[in-house]
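Written below as structure tokens is the structure these notes are about.
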Amino acid sequence: MKEYVKTVPDYPIPGIQFRDITPLLQDSGLFSKVVDEMSNPWEHMVVDAVLSIEARGFIMAGAIAYKLGAAFIPLRKPDKLPGETFSVSFELEYGKTEMHIHKDALDRHERLLIIDDLLATGGTALAAVDLVEKFENKMLLGAGFIIDLPALGGAERLAERNIAIHTLMEF
Ligand code: AMP
């Protein structure tokens, strides 16, 4: 699968090696392999809801939720969710942004899994963890990604918070 991730130098800004997953997604066999392999480690557990990070996380998370028999909960950018939300602000390469979740999204869900496409510094995934911590009595089972960039330290930052992670490949 790794051969199907295209590295695009200096995109979207100079110095970034962008890992483009679209060649992986546009192959029907490999798309289902990605979904199967991202679902596998959690299949022996009861997962109530998959929390999916906008936007590329949505691509796999719906299919993973379906496979796990779990609900799908979007974690969204500002001004996307119409109801009352909890939010956290976090750092991106340029400036800050926010991640939101509907306050009632987890009313019937306790055992949660976070899904995104790629783990870099871990800032985005940790924002999702912080959002979960706004709720009482929730159990975060772990977080799954297609790609880990270990040099950027995200996996270590998640380990410091005792979050189990699963990734399909590293660059
Ligand atoms: P981070 O918060 O630093 O862990 O960055 C993770 C988020 O940024 C993910 O949602 C990715 O979609 C995106 N991202 C960060 N670095 C890259 C990269 N080199 N190639 C593709 N996407 C990236």
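Both counts, for ligands and for their atoms, begin at 1 and track the order of listing. Worth knowing before you read on, the calculation uses all heavy atoms, side chains too, and leaves out hydrogens, waters and symmetry mates.
Heavy-atom contacts of L149 reach the following atoms of ligand 1: 19 (N) (cutoff under 4.0 Å). Residue-ligand proximity, T121 to ligand 1, at heavy-atom distances under 4.0 Å covers atoms 1 (P), 2 (O), 3 (O), 4 (O). For ligand 1, the atoms sitting less than 4.0 Å from at least one non-hydrogen atom of T124 are 1 (P), 2 (O), 5 (O), 6 (C), 7 (C), numbered in the order shown with element in parentheses.
Within the 4.0 Å heavy-atom criterion, the part of D117 lying near ligand 1 is the side chain and not the backbone. With a 4.0 Å heavy-atom cut-off, ligand 1 is reached by the side chain of D116 but not by its N, CA, C or O. Counting heavy atoms closer than 4.0 Å to ligand 1, residue D20 contributes nothing at all.
Taking atom 5 (O) of ligand 1 as the reference point, the nearest protein heavy-atom neighbour is A120 CB, 3.6 Å. Scanning the protein heavy atoms around atom 22 (N) of ligand 1, the nearest turns out to be R56 NH1, 3.3 Å.
Atom NE2 of H166 sits about 11.5 Å away from atom CZ of F145, to the nearest 0.5 Å.
Residue G29 comes nearest to D27 through the heavy atom pair N-OD1, 3.1 Å, listed as atom of the first residue, atom of the second, then distance. Considering every non-hydrogen atom in both A128 and I114, the closest pair reads CB-CD1, 3.7 Å. What you find for A125 and I53 is that their closest heavy atoms are CA-CD1, 4.3 Å.
In terms of N/O distances under 3.5 Å, ligand 1 is not approached by A125. Taking distance alone, with nitrogen or oxygen atoms compared against 3.5 Å, G122 approaches ligand 1 more closely than that limit.
The only option from H100, R76, H102 that meets the side chain to side chain donor-acceptor pair (under 3.5 Å) definition with T85 turns out to be H100.
Of the possible polar contacts, one joining the K138 side chain to the H109 backbone as a donor-acceptor pair under 3.5 Å is found.
With sequence neighbours excluded, no residue forms a ring-ring contact (aromatic ring centres under 6.0 Å, His included) with Y4. Applying the ring-ring contact (aromatic ring centres under 6.0 Å, His included) criterion to F31, with sequence neighbours excluded, gives no partner residue.
A salt bridge is defined here as a Lys NZ or Arg NE, NH1 or NH2 lying under 4.0 Å from an Asp or Glu carboxylate O, and D130 with R161 meets this definition.
Within the 4.0 angstrom cut-off, atom 19 (N) of ligand 1 has one or more protein heavy-atom neighbours.
In this structure, I147 has no heavy atom closer than 4.0 Å to ligand 1.
Among L152, I146, L118, the residue whose heavy atom lies nearest to atom 23 (C) of ligand 1 is L118.
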